[in-house]
Engineer: 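Take this structure first; my questions come after.
Here the structure is a predicted model, which means the values were calculated and not measured. In what follows, chains carry the letters A, B, and so on, assigned in the order in which the sequence lines appear, proteins first and then strands, with residues in each chain numbered from 1.
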Number of protein chains: 2
Amino acid sequence: MMKATLPERVERVERVERVKGVCCPPSITVPPARVDASVEVLKALADPTRLQMVGVLKRSSRPVCICDFTAAFELSQPTISHHMAKLRDAGLVDVTKVGIWAYYRLAGHLEPKTRALLDVLV
Amino acid sequence: MMKATLPERVERVERVERVKGVCCPPSITVPPARVDASVEVLKALADPTRLQMVGVLKRSSRPVCICDFTAAFELSQPTISHHMAKLRDAGLVDVTKVGIWAYYRLAGHLEPKTRALLDVLV
DNA sequence: TCAACGAATTGATGGTCGTCGATGGAATCC
DNA sequence: GGATTCCATCGACGACCATCAATTCGTTGA
């Protein structure tokens, strides 16, 4: 967050006192395990079916019955349910059961970063 | 992009004329295969090592020698090279060889969406 | 009570992914 | 030329993933 600007057009690579056989002294400071949380969300979204699901839910003003996804995608009902469970486990969607049917919507308690991520993606 | 706002706090699920046994007539309009491009980038980022790599490259004002990553992470050299190749294949990083060493930096021709994605993530 | 329906779970299978050791290739230095 | 160093690739292995058929669970309605 310290440097939002990118190294624009660095054509000439400035060598940093690199000596053969002394590779590599400068240890990179790796940000801790907040990365894992992001990776969990990324893995949940890194699938065409699930990304489309999230896109539909984001654009829908009301909860969507999961049976509509089963009808829309050319996948079996267990597969659709499995994908939605992944989104549920990642905390991206909430479910409300109404009788026989299960209605899904985007989670209301999304972190700002996750919200921003969805705004960029879908 | 039409509705950035979310269905805030929809507690009461409004049923949409759903009749038992007639599931499910309304076919969801699924956006086409621009999803695949996003999924490719998401897959490239959905790994702790690669996400940290991208974070380091984004914060660095100059290209980073890949040997520094080999030293920083507790992974073998082929694994580090393999991860960087994934980022390369996804078009996220560029490489410049200087003698023995290989210097990596964020790609300069990133799409605005991808750039925004990285701004949110790392 | 029992049949019908939607959704979730289970078990199995083929494919992909992350990881490593070994090898190959290119550049540098003696 | 030959040895050394760094990087990429290859082959292999275990783990995870996406998918489906079959089954189970909860609810509805006759």
Engineer: If you round to the nearest 0.5 Å, how far is NE2 of B:H83 from CZ of B:R88?
Structural biologist: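 Nearest 0.5 Å value for the CZ-NE2 distance: 13.5 Å.
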Engineer: Using a 4.5 Å cut-off on heavy atoms from C-beta on, say whether the side chain of A:V95 contacts that of A:Y103.
Structural biologist: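 No, side chains not in contact.
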Engineer: Any chance you could lay out the side-chain contact (heavy atoms from CB on, under 4.5 Å) test for B:F73 and B:I80, step after step, and finish with the verdict?
Structural biologist: CA-CA 8 Å; B:F73 299 103; B:I80 296 294; 4.0 Å; yes
Engineer: Using a 4.0 Å cut-off on heavy atoms, which residues in residues 78-93 of chain B reach DNA chain C? List them by number, or say none.
Structural biologist: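 Only B:P78, B:T79, B:H82, B:H83, B:K86 qualify.
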Engineer: B:T49 side chain: which of D:dC7, C:dT19, D:dA18 is closest?
Structural biologist: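 Among D:dC7, C:dT19, D:dA18, the one nearest the side chain of B:T49 is C:dT19.
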Engineer: Starting from P on C:dC17, measure out to CD on B:E40 and report it in whole angstrom.
Structural biologist: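 The answer, rounded to whole Å, is 11 Å.
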Engineer: Give the rounded distance in Å between these two atoms: CZ of A:F73 and C1' of D:dA18.
Structural biologist: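 Computing the A:F73:CZ to D:dA18:C1' distance gives 15 Å.
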Engineer: Show me, pair by pair, the donor-acceptor contacts under 3.5 angstrom made by side chains of residues 42-49 of chain A, not counting sequence neighbours?
Structural biologist:
| residue | atom | partner | partner atom | Å |
| --- | --- | --- | --- | --- |
| A:D47 | OD1 | A:T49 | N | 3.0 |
| A:D47 | OD1 | A:R50 | N | 3.2 |

Engineer: How many angstroms lie between OG in A:S81 and NZ in A:K86, if you round to the nearest 0.5 Å?
Structural biologist: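 Between A:S81 OG and A:K86 NZ, I get 13.0 Å after rounding to 0.5 Å.
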Engineer: Nearest whole Å is fine: how far is C:dG18 C1' from B:Q77 CD?
Structural biologist: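 Rounded to the whole Å, the gap is 15 Å.
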Engineer: A:I66 has an atom CD1; how far is it from atom C1' of C:dA8, in whole Å?
Structural biologist: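 It is 9 Å, rounded to the nearest whole Å.
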Engineer: Side chain of A:C65, heavy atoms from C-beta onward: which of C:dA7, C:dG6, D:dA8 has the nearest atom to it?
Structural biologist: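 Out of C:dA7, C:dG6, D:dA8, the nucleotide with an atom closest to A:C65's side chain is C:dA7.
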Engineer: Measuring from B:S61:OG to B:R105:CZ, what's the distance to the nearest 0.5 Å?
Structural biologist: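 Answer for the OG-CZ pair, B:S61 versus B:R105, is 12.5 Å.
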Engineer: Could you please name the option among D:dC7, D:dC20, C:dA7 that lies closest to any side-chain atom of A:S76?
Structural biologist: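 Selected nucleotide (nearest to the side chain): D:dC20.
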Engineer: Using the side-chain heavy atoms of B:Y104, tell me which of these nucleotides is nearest: D:dA8, C:dT28, C:dC20.
Structural biologist: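 Of all the options, the side chain of B:Y104 is nearest to D:dA8.
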Engineer: Rounded to whole angstroms, how far apart are NZ on A:K97 and P on C:dC5?
Structural biologist: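 Computing the A:K97:NZ to C:dC5:P distance gives 18 Å.
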Engineer: Rounding to an integer number of Å, can you tell me how far B:L45 CG sits from C:dG18 P?
Structural biologist: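 Atom-to-atom, B:L45 to C:dG18, this comes out as 12 Å.
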Engineer: Take atom CH2 of A:W101 and atom P of C:dC5, then tell me their distance rounded to the nearest Å.
Structural biologist: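 Rounded to the whole Å, the gap is 12 Å.
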